[in-house]
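Okay, structure first, notes after.
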Amino acid sequence: MLSWTEENYLKALYQLVGDDGKASVNDISKQLGIKMPTVNSMMKRLGEKGLVHYERYQPIQLTDAGRRDAALVIRKHRLTEMFLVEKMGFGWDQVHDIAEQMEHIQSPAFFEKMDVLLGFPKFDPHGSPIPDKHGKVKVSRYKRLSECKSGEKVRLMAVGISDDDFLRFLNSREMGLGELIEIISIEPFDGSMVVSYGNRNPEMFSRMVCENLLVEA
């Protein structure tokens, strides 16, 4: 059984790895706000457990077992977020901290029952895919709103970050998943966009906001 700390490291590494499946100790240190010697010690421990490929001064890579265990922690987190929103009436900006605590519950049966009660959802309230009970994840090929062109019509499918402040910003603009968005114009200087959606007057979104809105045509 993994400790809370070990699970947090695996989850961070899972979220950090690039196209080559690797991440540096420095990346993990920054992500978790933990000093590099401490990260090195944990990577060595996880390496001894067969969860990462660890070699001092080299990038870290998850093993198949490590990737599965990390995905299962993420599964518990995202199922919990969905349960809190769908069954308990929480807002999508209120669930992250609670899910951070519940993701460490060591009871597969508990989360299987949660999955059944929710009707086996494929995505969490933020549009992120929920890994299945084997740790397999269906990857969605969305693009960022910032990559779209003037005149395009797209639908908001997910958010790139689930930061509470960002979600509250979207709430204040009445922007949610499934919203049909039309790009009216793009500012050449900074990439900010004027967009139209719902029954609201056109809104201007900064480039940072547009980079964190994941859409499909």
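We number each residue from 1, following the sequence as shown. The model shown is predicted, which means the values in this text are computed figures rather than measured ones.
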Quiz item: For Ile98 and Gln94, which heavy atoms make the closest approach, and how far apart are they?
Solution: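 Answer, listing the atom of Ile98 first, then Gln94: CD1-O, 3.9 Å.
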Quiz item: Side chains of Glu7 and Gln106: is there a donor and an acceptor less than 3.5 Å apart?
Solution: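 Yes - a donor-acceptor pair under 3.5 Å links their side chains.
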Practice problem: Indicate whether the side chain of Asn171 and that of Trp92 have a donor and an acceptor atom separated by less than 3.5 Å. | Solution: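 Yes, Trp92 and Asn171 have a side-chain donor paired with an acceptor closer than 3.5 Å.
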Under 4.0 Å between a side-chain nitrogen and a carboxylate oxygen: does that hold for [X] and [Y]?
X	Y	result
Asp64	Arg67	no
Lys76	Glu81	no
Asp115	Arg75	yes
Arg144	Glu211	no
Glu174	Arg200	yes

Using a 3.5 Å cut-off and no angle test, enumerate the donor-acceptor pairs between side-chain atoms of residues 183-191 and protein atoms at least two apart in sequence or in another chain.
unit_1, atom_1, unit_2, atom_2, d
Glu187, OE2, Phe189, N, 3.2
Asp190, OD1, Ser192, N, 3.0
Asp190, OD1, Ser192, OG, 2.8

Quiz prompt | Separation of Leu51 CG from Met43 CE (nearest 0.5 Å) | solution =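 Going from CE on Met43 over to CG on Leu51, the span is 9.5 Å.
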Quiz item: Quick check: are there more than 12 heavy atoms from other residues, nucleotides or ligands sitting under 6.0 Å from NZ of Lys44?
Solution: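 Counting neighbours around NZ of Lys44, 12 or fewer heavy atoms of other residues, nucleotides or ligands fall under 6.0 Å, so no.
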Self-check item: Stepwise side chain to side chain donor-acceptor pair (under 3.5 Å) check, Glu103 with His77
Solution: CA-CA 5 Å; Glu103 71 186 26; His77 183 106; 2.7 Å; yes
Is any side-chain heavy atom of [X] closer than 4.5 Å to a side-chain heavy atom of [Y]?
X	Y	result
Val195	Glu182	no
Phe205	Met175	yes
Phe169	Val209	yes

Exercise. Run the numbers on His96 and Asp163 for side chain to side chain donor-acceptor pair (under 3.5 Å), then give the verdict.
Key: CA-CA 8 Å; His96 178 76; Asp163 177 83; over 6 Å; no
Practice problem: Check for a donor-acceptor pair, side chain of Arg155 on one end and backbone N or O of Gly178 on the other, with a separation under 3.5 Å. | Solution: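 Yes, Arg155 side chain to Gly178 backbone: donor-acceptor pair under 3.5 Å.
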Exercise. Take Leu180 and Tyr197, measure what side chain to side chain contact (heavy atoms under 4.5 Å, CB included) needs, and give me the verdict at the end.
Key: CA-CA 6 Å; Leu180 185 64; Tyr197 59 94; over 6 Å; no
Hey, can you pull the donor-acceptor pairs under 3.5 Å for the side chains in residues 29-39, sequence neighbours left out?
unit_1, atom_1, unit_2, atom_2, d
Ser29, OG, Ile34, O, 2.4

